[in-house]
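Chain A is the first sequence line, chain B the second, and so forth, proteins listed ahead of strands; every chain is numbered from 1. Any value given below was found using the heavy atoms of this structure, including those in side chains, with hydrogens, waters and symmetry copies removed.
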Amino acid sequence: MSLSKRYDPKVVEPKWIKKWEQEGTYKFNPKSKKPIYSVDTPPPTVSGRMHMGHASSYTQQDVIVRYKRMKGYEVFYPFGTDDNGLATERLVEKLNNVKGSKMDRNEFIKLCIKTLKEIKPEFIQDWKNIGMSCDFSIMYSTIDDHCRRISQRSFIELYKMGREYQMEAPTIWCPTCETAIAQVELEDKELESEFVNVKFKLEDGSDLIIATTRPEMLPACVAIFAHPDDKRYKKLFGKKAKVPLFNQEVPIIPDEHADPEKGTGIVMCCTFGDQTDIEWYKAHKLPLRIVITKDGFMNENAGKYKGLKIKDARKKIIKDLESKDLITERKKITHTVNVHERCGTEIEILESKQWFIKYLDLKDVFLKLGRKIKWYPEYMRVRYENWIKGLRWDWCISRQRFFGVPFPVWYCKKCGEIKLAEIKDLPVDPLTDKPKTKCKCGSNEFEPEKDVLDTWATSALTPKLAVELMDKSLWDKLYPMDMRPNAHDIITFWLFNTVVKSYLHDKTLPWKEVIISGHMQDPHGRKMSKSKGNVIAPQDVIKKYSVDALRYFVTNVSLGEDYPYKEQELIRGTKLMNKLWNAARFIEMHKEKGNESKETIADKCIINELNKVIKKATKYLDKNDYSNAKKGIINFFWGELADYYIEMIKYRLYGDNDASRNAAIKTLKKVYLDILKMIGIYMPFITEEIYRELYNKNESLHNQLWPKGGKVEKELEDAWALLKDIISKGRQYKLSKQLSQASEIEKAEITGPLEKLEALKEVIKGTLRIKEIVLKEGKELKVNFK
RNA sequence: GGGCCGGUGGUCUAGUUGGUUAUGACGCUGCCCUUACGAGGCAGAGGUCAGCGGUUCGAAUCCGCUCCGGCCCACCA
């Protein structure tokens with residue numbers, strides 16, 4: 001076998017994906033004596049196919065992990081999928097053209113499981129296809145029994161610690177998805193709306209004009225607020241006003257949150273129109289008046305508007321107000337509203353019974369924990385801190401969905417007491433399983449909890465989901481884990497929630513360091529999104545270029561940075577592969593003869609330069625800075641080895657001095673091997689192909705040790721610079737005479753540091769094909785050719 | 001409103017514990033059919049390091065202000 005003239009990634013890449021799996025190249029060895037490096041691999045949400053953001057962030061973490069593996073760590077790099085909750089339900093609904101809420105619950109869950117089983121192998125294949133060096137035999141799915149058990153156990157433990165409670169509380173609610181959602185699942189959206197100035201009646205019969213964008217909330221109005229210093233309204237504090245159409249009397253109260261600049265400077269408070277209303281509701285102990293149903297209609301508190309959709313009620317109420325001359329002004333505006341990120345529906349705030357994890361009292365602890373984590377890049381910690389400082393709600397962990405991890409909870413029908421499952425019986429489904437013992441009150445009749453857990457309540461346990469797949473004796477070695485890769489948009493929930501759970505359960509951090517990845521944008525620097533139609537699929541990029549080229553591109557960027565898609569960089573990656581391949585073919589052409597070996601100064605210099613780049617790349621990679629490490633490695637390979645060294649040894653390779661040729665081949669092979677190892681973490685396919693052909697048939701490049709590199713010597717560095725300088729001048733001379741670089745030069749006269757030039761003489765002569773060379777001592781370097 | 005990141009040749013970018021001619025890529029120009037590679041090789045042009053002020057013998061690098069982009073959070077009656 002020898003290397004083909006052209007490298008064909010379409011054949012080579014699938015071949016190695018298969019072989020690595022067969023050979024167990026990336027298998028975690030629990031019996032290994034090496035120090036362990038454990039990674040909390042993000043489980044992608046099964047909600048479609050792998051997109052560019054995945055391809056880039058997973059490649060970035062993979063490069064770091066591959067480096068650690070070569071540094072001699074036993075790498076624990078599992079894989080998981082996050083496949084429950086709303087995102088997965090939506091996918092299943094789309095694929096099967098059904099609606100979960102319109103189906104029998106069990107049928108829907110069965111359909112979810114069936115659909116997942118069908119689509120998952122292909123889904124996971126995309127991750128294998130980008131060359132992820134995970135041990136795919138260590139795999140979890142957040143809906144499987146293993147994960148259900150751990151998630152339910154977490155619930156029970158936290159409940160017993162007094163960290164969980166159930167409460168009727170104002171909850172952010174999505175009327176489309178018909179579930180409570182978390183603060184973090186909200187998104188801003190610019191929407192057209194209308195400011196309506198409505199007449200309220202004061203006790204003396206005069207009008208009070210209040211501006212609102214939500215007149216349909218008038219029946220929910222429970223108070224009116226103005227700023228305490230607002231001269232216009234000061235005299236009204238303590239008085240009452242009558243709500244138009246609905247006629248309830250509400251107090252007028254001063255509060256600093258009322259903005260005199262907005263609308264008419266006086267505002268109605270409804271339970272609940274927005275989050276400020278909740279603050280006021282709590283602060284001023286206002287009565288509760290809910291007018292909206294859980295599926296987005298008006299309820300009986302809205303009187304004759306009952307049964308109308310929210311938006312229809314708004315229109316109807318405006319019409320009625322107008323017909324009674326209760327509107328003084330209508331003004332079109334665009335404003336930002338909170339919508340549910342998954343469906344884009346404007347959220348409502350409703351009172352409902354939910355489960356919460358109590359953690360607001362621990363904000364300071366979480367801030368301190370955040371400072372103990374090593375953040376890459378460091379400035380991302382600020383987002384974590386801002387989030388914690390801004391937290392105002394406990395963590396609502398119940399969702400009124402179907403496909404998720406059920407609460408291991410029943411309620412006694414007789415006394416209402418909560419009945420928890422036993423940990424040894426987990427996982428349970430309270431809808432089909434029954435408690436094993438009676439209630440304290442003696443009753444045997446239970447009502448199951450129908451809600452499911454927020455997916456983040458489960459995925460905040462990923463370190464345990466992965467570690468507990470292994471034998472118990474390993475748990476302490478694997479956890480806390482070494483590294484968590486995390487995209488910057490989910491610092492506030494996945495990362496934060498994992499810290500929360502790890503602290504609550506174990507009083508420890510879940511990992512030592514986190515690496516934060518950015519987003520890939522379209523070529524113009526805009527967000528990629530289906531609605532804009534500017535999505536670039538990694539599968540297509542791989543088809544057109546190759547996995548290695550894609551990996552080359554996405555590792556150009558530093559951690560945490562957003563960056564536009566650039567086709568040019570894929571071409572650049574392809575060119576690099578071409579260059580690597582041809583260098584390998586060049587090496588393959590030349591074989592050593594005999595045992596003698598005689599080095600030149602060029603050999604010593606290139607080894608010295610190699611040592612330099614190893615040192616530099618290692619330093620960068622130890623800081624997880626793969627992009628700068630890569631730049632150094634590639635510049636060395638292309639700019640020093642290919643452009644200079646190889647040209648400097650050709651005269652020896654094609655000459656008849658065996659000892660000199662042997663030394664050149666040996667040096668070239670050594671330098672190239674270390675380059676392969678270093679580039680291998682970025683471009684694992686082409687490097688493996690070359691390594692097996694040129695160096696070692698039976699072992700993987702990716703299980704070799706990272707090059708150590710010897711001492712860097714200043715003298716050799718200077719010699720190399722001088723040598724390159726003279727070679728470059730020779731090239732310029734030939735160019736200026738329009739001569740081929742292969743042509744001979746009759747005579748050269750070089751003035752400079754004589755002793756140093758003497759040492760370089762042979763290499764200069766050979767490389768530039770100079771017949772006669774004269775050296776002279778002088779301060780400045782001067783080169784004359786004839 | 002609070003905060004974070006960035007602004008370096010036409011484009012993207014390295015370099016920030018201050019120190020000789022500011023890194024590399026793409027693009028551009030010219031030359032080379034050189035036995036690894038034309039998706040190549042060799043060479044060249046192109047920069048007041050966003051602006052202003054300060055610290056210093058010396059600033060892309062440190063400090064202050066301003067402008068411009070991007071992002072996060074809060075607000076969004």
Partner nucleotide, any strand, of [N] [Watson-Crick/G-U, under 3.5 Å]:
N	value
B/G47	none
B/C57	B/G19
B/C42	B/G30

Return no unless some side-chain N or O of A/Thr213 is found under 4.0 Å from OP1 or OP2 of B/A77.
yes
Rounded to the nearest Å, what distance is computed from the [atom1] atom of residue [X] to the [atom2] atom of nucleotide [N]?
X	N	atom1	atom2	answer
A/Leu570	B/C26	CG	P	14 Å
A/Phe586	B/U35	CZ	P	12 Å
A/His227	B/A77	NE2	P	17 Å
A/Ile633	B/U23	CD1	C1'	16 Å

Base, sugar-phosphate, or nothing: which does [X] touch, judged by heavy atoms less than 4.0 Å apart?
X	result
A/Thr212	sugar-phosphate
A/Thr264	nothing
A/Met577	nothing
A/Phe195	sugar-phosphate

What is the per-nucleotide protein-contact pattern of nucleotides 10-22 of chain B, from the 5' end, where B denotes a base atom under 4.0 Å from a protein heavy atom, S denotes such proximity for sugar-phosphate atoms only, and - denotes neither?
--SSSS-------
Nucleotide-resolved protein contact map, nucleotides 37-46 of chain B, B/S/- at heavy-atom distance under 4.0 Å:
B-BSSBS---
Does this structure show an ion pair linking A/Lys623 with A/Asp625, if we count only N-O contacts that are shorter than 4.0 Å?
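Answer for the salt bridge query: no.
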Run the salt-bridge test on A/Glu609 and A/Lys612 with the 4.0 Å N-O cut-off and return the result as yes or no.
yes
Judged by each residue's nearest nucleotide on RNA chain B, which is more toward the 5′ side, A/Gln568 or A/Lys734?
A/Gln568
Considering heavy-atom distances to RNA chain B, does A/Arg572 or A/Leu739 have its closest nucleotide positioned more toward the 5' end?
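The residue mapped nearer the 5' terminus is A/Arg572.
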Protein-nucleotides 68-72 of chain B N/O pairs under 3.5 Å:
residue: B/C71; atom: O2'; partner: A/Arg383; partner atom: NH2; Å: 3.0

Of A/Lys242, A/Lys240, A/Met268, which meets side-chain contact (heavy atoms from CB on, under 4.5 Å) against A/Phe200?
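Single side-chain contact (heavy atoms from CB on, under 4.5 Å) partner of A/Phe200 among A/Lys242, A/Lys240, A/Met268: A/Met268.
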Establish whether the base of B/C75 is bridged to the side chain of A/Asp274 by a donor-acceptor pair shorter than 3.5 Å.
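Answer no: no donor N or O sits under 3.5 Å from an acceptor.
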